[in-house]
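Note sheet for the following structure.
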Amino acid sequence: MSRLNARQQEAVRYIDGPLLVLAGAGSGKTSVITRKIAYLVEECGIRAAHIAAVTFTNKAAREMKERVGKLIKGSQARGLTVSTFHNLGLNIIRQEHKTLGFKAGFSIFDSEDAKALIRDIVLKEYAEEGDEINDLQMRLSNWKNDLLDPHYVLSHAQDEEEARAARVYELYNRYLRAYNAVDFDDLILLPVKLYREHPEILEKWQQKIRYLLVDEYQDTNMAQYELVQQLVGSHARFTVVGDDDQSIYAWRGARPENLARLMDDFPRLRLIKLEQNYRSTSRILRAANTLIANNPHVFDKALWSEYGLGEEIRVIRTRNEDAEAERVATEIIDQKLKRKADFKDFAVLYRGNHQSRLLEMKLQQYQIPYHLSGGTSFFARHEIKDAMAYLRLLVNPDDDAAFLRIINVPRREIGPATLEKLGQYATQRDISLYRACQELGAEQYLGEKALERLRRFCSWLQDTARRCHEDDAVRTLKQLFTDIDYEDWLHQTSNSPVQAERRMNNIWYLVDSLQRMLEQDKGTADEIGVEDAISRLILRDMMEQREEEDDSDKVHLLTLHASKGLEFPHVFIMGLEEELLPHRNSIETDQIEEERRLMYVGITRAQRTLTLTYAGERKQYGEKIESTPSRFLDELPQDDLIWEGVGPSDPIANKMKGKATMASLMNLLKNE
DNA sequence: TCCTTTCGTATTTTT
DNA sequence: TACGAAAGGA
């Protein structure tokens, strides 16, 4: 406790009612949460099993668990819940699946699966091309996040387009039910609905979770807000931590106003602000504060630190995006030597993933090691999707999406014609494709040969599922991929033997991860079954996959979004141009404030130095476009900036010897 | 079923 | 421009 400042201690000690901790960037919010958990257990005598801490990412949950583990003894930590929102929801659904009308072993559709299902529905029901699949998926997701059901949406539809989307929504939900499956949004939505309709079940959960802590509260959506509200009940024993200035996920349903809404819903709410920053120099914080002051605020907040003024913030202008990337690369080499820093002390942040390409080329040229976060996810890979489909089907035979994905992978000579007939039969009997295969009576639809192939597949699958439970699960899974000659299939379908090998290794990595999960808590109360392990895989809760990589000495390349929660001694932010940062779409849709917060997040990642770059012209879609420096540059405290680089082509600004942009001049005039 | 060509699109991303 | 997806042809 003595290692916390006065405000932090106050936040830890206040346990009798609802508490909102407004924690600025780098103010030690995770310390507050972890130490509070320890305090609740050790000082207040609350059993760990009655405490739940909720985060948004697996990584955050893992870190929190680790840090709590260091603070309290293992025996006292028993039963403590530290999980993501989605994982908590999954646990609730799993325990109450009967009431919700799901069979054990239900599947979880990831967003790719969901998109494929939507595409199928549009194609099948409307026989139209699917150009608006992404739009539809977004709409459905938003509706689910807002707790709106298809019936409501349909009756309130503003136009025909929306009504059509609502009908897709209804069908989509029906298909999911038929497949005995839920999607990511359902993991939150279904518990909320369940609690609404069954107060006795809610009460049971309230008995279990007597103290709730939520991290990154500004990122909660409507459904998550209600889930929290339900769980804490009238006792309202909770601590939520958040920062409205770091809300950068509104575009996927986050409602930063949930912070302010707490004051209305819980009049007794205690508010504690953490403004002391333990990360950056004063100059960097002044820049952050000045920038974010341009946003309207419900809660005023100003970061400060004791780390001294620090160096000026450099703003570098280059001729074009090529020169920009080159400059960043040479700067890194230069700074590394000057400051005797490691490569891993540097991070380069940018708005869009594509911005990393040029930079990567330059870094390779200069032989600078780098680590790129983002990119194609492990789970987006073909072979992993195939493998996951097999796993899903083993656990949930009704998962038609999984069935269709792998029925002919590898080749089993079961083509579209056979599947269509099987589908007809299944629809007519209102059963899944798998069960249709097993049933007699499909003969009238299908030829003897096709029927035989389907039956053989089914009995093989059934046998594998049985062995999975009775025998050693991991061994059975390994056998599965041998059974189907998957390696052979990969060699047939890959471009090179090397690629095929890499893909097969991905499969074994997946099986390994599963094995590790199963063995992790073997013999303890936390021991999990194959079903749970598969769910965790779908929820991307994989272990320290690239822990070794992270330790290595590499420059970090990441998007501004991906940088949230991280910190680096030396930070570069690239592409400070209108239409890029702020992004064009955000300008058009009047969402500058979120872009500003994004910039704020970027600035506050820096511990010691911050360098901002922009290019005078940039190729966009093949055309050279002259770019305007970002308005955010004008919103920074000009005294803290040093301008460098080739002079702007703007003659007036040129006369200023690059000390200010035209826009900042205008700003000065306006403010006078 | 596979290969070529054309087309269309172009933020941010976790679960 | 540059990529992936879909469509069309052998």
Side-chain angles (χ1 to χ4, degrees), chain A residues 54-61 83-91 93 108-116 119 123 129-135 137-138 141 144-145 182-189 215-216 219-221 223-224 246-254 321-322 349-358 373-380 382 408-411 413 415-416 492-493 495 535-542 558-565 575 579-589 591 594-595 597-599 601-602 618-625:
Chain A
V54 184
T55 64
F56 276 86
T57 65
N58 292 310
K59 194 173 156 227
S83 78
T84 63
F85 265 105
H86 294 269
N87 229 313
L88 177 68
L90 174 62
N91 282 334
I93 296 171
I108 302 166
F109 275 34
D110 68 17
S111 31
E112 292 255 315
D113 301 323
K115 185 184 285 181
R119 185 177 289 127
L123 243 66
E129 49 250 73
D131 50 341
E132 6 82 305
I133 300 298
N134 285 321
D135 176 63
Q137 186 178 25
M138 212 186 64
S141 181
K144 285 197 175 191
N145 290 161
V182 300
D183 65 19
F184 282 156
D185 299 320
D186 284 337
L187 292 176
I188 314 295
L189 172 88
D215 194 13
E216 304 280 14
D219 288 341
T220 53
N221 60 36
Q224 286 157 339
Q246 291 189 72
S247 163
I248 53 174
Y249 287 111
W251 53 274
R252 66 177 201 218
E321 74 273 29
D322 196 73
L349 315 183
Y350 37 78
R351 179 66 235 256
N353 277 123
H354 64 275
Q355 284 177 265
S356 71
R357 268 194 217 128
L358 257 179
S373 85
T376 1
S377 126
F378 182 73
F379 289 90
H382 265 294
N408 212 22
V409 174
R411 294 272 113 75
E413 295 177 287
Q492 282 173 44
T493 54
N495 293 321
S535 312
R536 284 176 60 177
L537 282 179
I538 297 173
L539 290 180
R540 317 283 138 99
D541 188 7
M542 307 254 298
L558 50 162
T559 62
L560 287 160
H561 281 91
S563 76
K564 195 168 87 161
E579 313 248 290
L580 231 189
L581 181 60
H583 195 275
R584 193 216 243 102
N585 295 344
S586 300
I587 297 172
E588 280 166 4
T589 53
Q591 289 168 308
E594 179 144 317
E595 294 288 299
R597 290 193 290 265
L598 198 51
M599 180 70 194
V601 167
R618 186 179 290 272
K619 251 190 219 156
Q620 255 185 335
Y621 312 140
E623 252 190 314
K624 260 187 204 164
I625 306 226

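All chains are named by letter (A, B, ...) in the order of the sequence lines, taking the proteins before the strands, and each is independently numbered beginning at 1.
Separating the CG atom of A/Asn145 from the P atom of B/dT13 is a distance of 18 Å, rounded to the nearest angstrom. Atom CZ in A/Arg252 sits roughly 7 Å away from atom P in B/dT14 (whole-Å rounding). Between the CD1 atom of A/Ile625 and the C1' atom of B/dA10 there is a distance of 13 Å, given to the nearest Å. Atom CZ of A/Arg119 is separated from atom C1' of C/dA6 by 10 Å (rounded to the nearest Å). In this structure, A/Tyr249 places its OH atom 6 Å from P of B/dT14, rounding to the nearest Å. Put simply, CZ on A/Arg618 is 14 Å from C1' on B/dT11, counting in whole angstrom units. Spacing between atom CD1 of A/Ile587 and atom P of B/dT11 amounts to 14 Å, rounded to whole angstrom units. Rounded to a whole Å, the NE2 atom of A/His583 is 8 Å from the C1' atom of B/dA10.
Panel note: side chain A/Asn58, backbone A/Leu539; a donor-acceptor pair is recorded below 3.5 Å.
Judged as a salt bridge (charged side-chain N to carboxylate O under 4.0 Å, His left out), and not counting sequence neighbours, the contacts of A/Asp183 are A/Lys144. Under the rule for a side chain to side chain contact (heavy atoms under 4.5 Å, CB included), the partners of A/Gln620 that lie at least two apart in sequence or sit in another chain are A/Ile625.
Put simply, A/Asn353 has a side-chain N or O that comes within less than 4.0 Å of OP1 or OP2 on B/dT13. For the OP1/OP2 pair of C/dT1 and a distance below 4.0 Å, the side-chain nitrogens and oxygens of A/Arg357 include no atom meeting the criterion. Under 4.0 angstrom from either OP1 or OP2 of B/dT14 there lies no side-chain N or O belonging to A/Asn58.
For B/dT15, its base sits under 3.5 Å from the side chain of A/Ser111 at one donor and acceptor pair at least.
Residue contacts for A/Gln224: at a heavy-atom cut-off of 4.0 Å it reaches no nucleic acid atom on any strand shown. A/Phe184 comes within 4.0 angstrom of a nucleotide base, judged by non-hydrogen atoms across all strands. Counting non-hydrogen atoms under 4.0 angstrom, A/Arg411 reaches the backbone sugars and phosphates but no base.
Summarising the geometry of A/Arg351 relative to A/Leu580, their closest heavy-atom pair is CG-O, 3.1 Å, with the distance given to 0.1 Å.
For C/dG4 and B/dT11, the P atoms lie 14 Å apart once the distance is rounded to whole Å.
For A/Ser586, taking side-chain heavy atoms from C-beta onward, the closest of the listed nucleotides B/dT12, B/dT15, B/dT11 is B/dT11. For A/Leu539, the side-chain atoms get nearest to B/dT15 when compared with the rest of B/dT11, B/dT13, B/dT15.
With respect to A/Glu112 and A/Lys115, no salt bridge is recorded, no charged nitrogen being found less than 4.0 Å from a carboxylate O.
Summary of the strand contacts: A/Tyr621 and A/Thr84 both lie near DNA chain B, and taking for each the nucleotide with the nearest heavy atom, the more 5' one is attributed to A/Tyr621. Along DNA chain B, the nucleotide nearest A/Asp110 and the nucleotide nearest A/Asn585 are compared for position; the residue whose nucleotide lies closer to the 5' end is A/Asn585.
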